[in-house]
Amino acid sequence: MAIREILVAPDPKLKMKARRVETFDDDLRKLLDDMVETMYAAKGIGLAAPQIGVPLRAIVMDLARDEEEDAAPRKFLNPEIVWESDEEVPCEEGCLSVPGQYAEVTRPAQCRVRYQDENGVRHEIDCDGLLAVCIQHEMDHLEGVLFVDHLSMLKRNMILRKVAKARREKAS
Ligand code: NI
């Protein structure tokens, strides 16, 4: 396993639409293992392949957020929302590609997601609470959408300016 570099906004690779996973082989499983390790190292609860520059419809998540024995990384390939609730809830979100910034985003409270596991087997999962928020956030990455794209332009630009400033300060 290896820790990969996480791309930071406004990297153009974060805006690309990811393509379907067609081959469920050892290369894919190695990519997923790298994504899990990268997510844990960054102390995130979810990571999408485009965030490490790989334009594939692949997501890893672990809401337990640590690498201890109870770590339970979930892997979702080619996820699709097959149902979502009319009820929407606001939740404060952050993103490893928008480091240090948080904002409230409103999304459907529940959803059902169809996906394939790392062996290509199809599953469906009913999501609510943090799981629903996280999976919708990660699926946005597969469409080139960041959580800041759900905000007003004013708020989005303010956040992206802060990210750019923090980056410049870190580099100097
Ligand atoms: Ni994100």
For this session: Can you run down the side-chain hydrogen bond (donor to acceptor under 3.5 Å, both in side chains) pairs that involve residues 79-99, sequence neighbours left out, and say none if there aren't any?
Result: Gln51-Ser97, Glu93-Arg107, Glu93-His137

Problem set entry | Non-neighbouring partners of Met39 that pass side-chain contact (heavy atoms from CB on, under 4.5 Å), sequence neighbours left out | Leu47, Val60, Asp62

Problem set entry | Contacts of Glu104 that satisfy side-chain contact (heavy atoms from CB on, under 4.5 Å) - sequence neighbours left out | Pro90

For this session: Mind checking salt bridge (charged side-chain N to carboxylate O under 4.0 Å, His left out) for Arg19 and listing every partner two or more places apart, or none if nothing turns up?
Result: none

Problem set entry | Over all atoms of both residues, closest heavy-atom pair of Pro99 and Val8 | CD-CG1, 3.8 Å

Exercise. Which residues pass the side-chain contact (heavy atoms from CB on, under 4.5 Å) test with Lys15, sequence neighbours left out?
Worked result: Asp149

Exercise. At their closest point, which heavy atom of Leu77 faces which heavy atom of Val21, and how far apart are they?
Worked result: CD1-CG2, 4.0 Å

Problem set entry | All side-chain contact (heavy atoms from CB on, under 4.5 Å) counterparts of Lys155, not counting sequence neighbours | Leu151, Ser152

Problem set entry | salt bridge (charged side-chain N to carboxylate O under 4.0 Å, His left out) against Lys13, all qualifying residues, sequence neighbours excluded | none

Problem set entry | salt bridge (charged side-chain N to carboxylate O under 4.0 Å, His left out) assessment of Arg29 paired with Glu118 | CA-CA 6 Å; Arg29 287 181 282 272; Glu118 59 193 323; 5.4 Å; no

Seminar exercise, completed: For Ala18 and Pro50 the tightest heavy-atom approach is CB-CG, 4.1 Å

For this session: Can you see which heavy atom on Gln116 is nearest to which on Phe24, and at what distance?
Result: NE2-CZ, 3.6 Å

Seminar exercise, completed: Tightest non-hydrogen contact, residues Leu96 and Gly46, listed as CD1-O, 4.0 Å

Problem set entry | Test salt bridge (charged side-chain N to carboxylate O under 4.0 Å, His left out) applied to Asp33 - qualifying residues, sequence neighbours left out | Lys75

Please tabulate, one pair per line, all N/O donor-acceptor pairs under 3.5 Å involving side-chain atoms of residues 161-172, not counting sequence neighbours.
from   : atom 1 : to     : atom 2 : distance (Å)
Ser172 : OG     : Arg168 : O      : 3.3
Ser172 : OG     : Glu169 : O      : 3.3

Problem set entry | Shortest non-hydrogen separation from Ala72 to Tyr40 and the atoms involved | N-OH, 4.1 Å

Exercise. Taking only residues two or more places apart in sequence or in another chain, which ones pass side chain to side chain donor-acceptor pair (under 3.5 Å) with Asp34?
Worked result: Arg4, Lys30

For this session: Could you check His123, Arg74, Arg122 and say which one makes a side chain to side chain contact (heavy atoms under 4.5 Å, CB included) with Asp117?
Result: His123

Seminar exercise, completed: Contacts of Arg112 meeting salt bridge (charged side-chain N to carboxylate O under 4.0 Å, His left out) (sequence neighbours excluded), chain-then-number -> Asp126

Seminar exercise, completed: The complete set of salt bridge (Lys or Arg N to Asp or Glu O under 4.0 Å) pairs with one or both residues in residues 45-58, sequence neighbours excluded, reads Arg57-Glu143

For this session: Side-chain contact test, heavy atoms from C-beta onward, threshold under 4.5 Å: evaluate it for Leu56 versus Leu31 and give yes or no.
Result: yes

